[in-house]
**Student:** 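Have a look at this one.
Here is the naming used below: chain letters follow the sequence lines, and residue numbers restart at 1 for every chain.
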Number of protein chains: 2
Amino acid sequence: MTIMHTRPRAFSMMENTMNERPFAQAINRLREVDLRPTRQRLALAKLLFERGCDRHVTAETLHEEAQKSGARVSLATVYNTLHQFTDAGLLREIMVDSGKTYFDTNIDDHHHFLCERSGQLTDIPAHMVTVAELPQAPDGSKISRVDIVIRICDQ
Amino acid sequence: MTIMHTRPRAFSMMENTMNERPFAQAINRLREVDLRPTRQRLALAKLLFERGCDRHVTAETLHEEAQKSGARVSLATVYNTLHQFTDAGLLREIMVDSGKTYFDTNIDDHHHFLCERSGQLTDIPAHMVTVAELPQAPDGSKISRVDIVIRICDQ
DNA sequence: GGCTAAATTAGAATAACTCTAGAAATGCAA
DNA sequence: TTGCATTTCTAGAGTTATTCTAATTTAGCC
Ligand SMILES: [Mn+2]
Ligand SMILES: [Mn+2]
Ligand SMILES: [Zn+2]
Ligand SMILES: [Zn+2]
């Protein structure tokens with residue numbers, strides 16, 4: 001049996017920026033909702049949250065990304081994990097068109113541009129849209145969310 | 001060979017109301033776009049447009065309805081017809097959630113309530129919603145439509 | 001280390017479509 | 001009418017996105 005000399009690596013500024021916050025947050029959030037931080041869940045959380053910008057992924061695209069990054073995660077686990085993260089409030093599920101489900105790393109109140117040519121989704125912060133008047137919800141129900149999709153096409 | 005005495009039936013108020021207009025409109029529209037008014041297409045147009053109220057059907061539900069009404073139409077034809085009607089501007093395609101495509105007989109500018117429990121869609125005329133401020137469409141593109149879905153849940 | 005529950009996985013199954021290729025209906029011309 | 005080309009319809013096969021299943025692996029704990 002060999003003894004590994006696992007020297008602690010030198011600390012690097014590049015690897016410990018603000019961007020790690022949402023990842024650390026994710027780990028804590030997983031603990032909160034009783035999801036064990038497994039190798040697979042951590043790899044996916046890293047891909048989803050480490051680069052801060054808002055992402056809209058499908059199970060398929062995230063799975064490919066995981067493969068490329070060297071993480072071995074099955075597609076079934078990607079589906080499971082995306083749904084678990086969604087239930088934990090770390091992701092939002094979006095279904096606009098084309099029979100694919102997108103998962104959105106931006107969980108703030110916001111809306112979307114949808115490019116009719118490419119299918120690309122782009123975030124619109126809620127404060128950029130002003131809805132002056134909304135109809136009453138039918139009796140016995142209340143409004144839980146208002147989703148606005150602005151479809152755009154080439155001019 | 002027998003000669004049929006096809007007496008013209010007595011005119012009935014019940015059968016010639018305002019409600020026939022959209023159906024007649026549909027037939028004309030089909031001619032306009034070079035879709036022959038075949039037995040199948042007429043049967044489906046009848047189901048879709050004859051009862052005036054706004055409908056949100058899936059291929060599956062319309063197919064069942066056709067069967068029950070005694071019309072023999074294959075599911076493939078229901079899909080073809082729904083897409084042809086949509087291309088002809090007689091229907092609008094809606095995809096909200098749950099991976100099913102709905103076809104909307106209301107082609108006026110309008111929005112939807114979506115019941116999160118039952119998945120039921122209900123129309124909201126455009127004038128009931130006032131959007132005061134919209135963001136600029138990205139460069140080189142223009143806004144083609146704004147879709148608003150108001151999600152409701154039991155209070 | 002050994003136990004137990006939770007998590008992962010490959011592959012089968014399902015749901016909602018779409019495609020294909022042959023049959024039927026239709027339109028038109030001879 | 002009858003023949004021929006074109007359109008439409010249809011059953012069933014194929015596809016895609018997703019879920020399920022049941023066996024294996026891993027994690028947390030004593
Ligand atoms: Mn889901
Ligand atoms: Mn379509
Ligand atoms: Zn978003
Ligand atoms: Zn509608």
**Student:** Taking the six-membered ring for Trp, are A:His83 and A:Phe103 parallel (under 30°), tilted (30 to 60°) or perpendicular (over 60°)?
**Tutor:**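 A:His83 and A:Phe103: perpendicular rings.
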
**Student:** Any side-chain N or O of A:Arg36 less than 4.0 Å from the OP1 or OP2 oxygen of D:dT26?
**Tutor:**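 A:Arg36 to D:dT26 OP1/OP2: no side-chain N or O under 4.0 Å.
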
**Student:** B:Leu30 has an atom CG; how far is it from atom C1' of D:dT8, in whole Å?
**Tutor:**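 In whole Å, D:dT8 C1' and B:Leu30 CG are 13 Å from each other.
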
**Student:** With B:His63, which residues qualify under ring pair (Phe, Tyr, Trp, His ring centres under 6.0 Å), at least two apart?
**Tutor:**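 Applying ring pair (Phe, Tyr, Trp, His ring centres under 6.0 Å) to B:His63 gives none.
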
**Student:** Angle between the two end axes of the helix from C:dG1-D:dC30 to C:dA30-D:dT1, five base pairs per end, rounded to 10 degrees?
**Tutor:**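 End axes: 10° apart.
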
**Student:** Heavy-atom count around B:Arg145 CZ within 6.0 Å, excluding the residue itself: above 12?
**Tutor:**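 More than 12 within 6.0 Å, yes.
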
**Student:** Would you mind reading off the distance between A:Arg39 atom CZ and D:dT25 atom P, rounded to a whole angstrom?
**Tutor:**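 After rounding, the gap between these two atoms is 13 Å.
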
**Student:** Take the protein atom CG of A:Leu75 and the nucleotide atom P of C:dA10, then report the distance between them rounded to whole Å.
**Tutor:**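 It is 10 Å, rounded to the nearest whole Å.
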
**Student:** When you measure from the side chain of A:His83, which nucleotide among C:dT9, D:dT19, D:dA11 comes out closest?
**Tutor:**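 The closest nucleotide is D:dT19.
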
**Student:** Tell me whether the count of non-hydrogen atoms from other residues, nucleotides or ligands lying under 6.0 Å of CD in A:Glu116 goes above 12.
**Tutor:**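 Yes, CD of A:Glu116 has more than 12 neighbouring heavy atoms, counting only those of other groups under 6.0 Å.
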
**Student:** Please classify the nucleic acid contact of A:Thr38 as base, sugar-phosphate, or nothing, using heavy-atom distances under 4.0 Å.
**Tutor:**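 Contact class for A:Thr38: sugar-phosphate only.
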
**Student:** In this structure, how many angstroms lie between the P atom of D:dT7 and the CG atom of B:Leu42, rounded?
**Tutor:**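 So the two atoms are 19 Å apart, to the nearest Å.
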
**Student:** Before you tell me yes or no, could you show the steps for B:Arg151 and A:Asp147 under side-chain contact (heavy atoms from CB on, under 4.5 Å), namely the whole-Å CA-CA distance, both residues' side-chain angles and the distance that decides it to 0.1 Å?
**Tutor:** CA-CA 8 Å; B:Arg151 300 176 158 260; A:Asp147 285 340; 3.1 Å; yes

**Student:** Just one of A:Leu91, A:Leu121, A:Asp123 clears the side chain to side chain contact (heavy atoms under 4.5 Å, CB included) bar with A:Asp104, so which one?
**Tutor:**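 Looking at A:Leu91, A:Leu121, A:Asp123, the match for A:Asp104 under the side chain to side chain contact (heavy atoms under 4.5 Å, CB included) is A:Asp123.
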
**Student:** Between D:dT10, C:dG11, C:dC17, spot the one nearest the side chain of A:Ala76, thanks.
**Tutor:**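 Among the listed nucleotides, the one closest to the side chain of A:Ala76 is C:dG11.
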
**Student:** Would you please confirm or rule out a distance under 4.0 Å between OP1 or OP2 of D:dT18 and any side-chain N or O of A:Tyr79?
**Tutor:**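 The answer is yes; a side-chain N or O of A:Tyr79 sits under 4.0 Å from OP1 or OP2.
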
**Student:** Ignoring backbone atoms, establish whether B:Ser74 has a side-chain N or O less than 4.0 Å from OP1 or OP2 of D:dT10.
**Tutor:**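 Checking B:Ser74 against D:dT10: at least one side-chain N or O falls below 4.0 Å of OP1 or OP2.
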
**Student:** Rounded off to whole Å, could you give me the NE2-to-P distance for the B:His63 and D:dT10 pair?
**Tutor:**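 Atom-to-atom, B:His63 to D:dT10, this comes out as 8 Å.
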
**Student:** Atom CZ of A:Arg72 and atom P of C:dT8: how far apart are they, to the nearest Å?
**Tutor:**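 In whole Å, C:dT8 P lies 14 Å from A:Arg72 CZ.
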
**Student:** Are any of B:Thr58's side-chain N or O atoms less than 4.0 Å away from OP1 or OP2 of C:dA16?
**Tutor:**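 No, no such contact exists.
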
**Student:** Need to verify one output field. Residue with the more 5' nearest nucleotide on DNA chain C, B:Lys100 or B:Asn80?
**Tutor:**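 On the 5' side of the pair lies B:Lys100.
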
**Student:** Atom CD of B:Gln84 to atom P of D:dT7: distance rounded to whole Å?
**Tutor:**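 These atoms are roughly 13 Å apart.
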
**Student:** Go through the structure and list residues passing side chain to side chain donor-acceptor pair (under 3.5 Å) with B:Arg92, not counting sequence neighbours.
**Tutor:**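 For B:Arg92, no residue satisfies side chain to side chain donor-acceptor pair (under 3.5 Å) once neighbours in sequence are set aside.
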
**Student:** Starting at CD of A:Gln40 and ending at P of C:dT8, how long is that distance when rounded to a whole Å?
**Tutor:**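 Answer to the nearest Å: 5 Å.
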
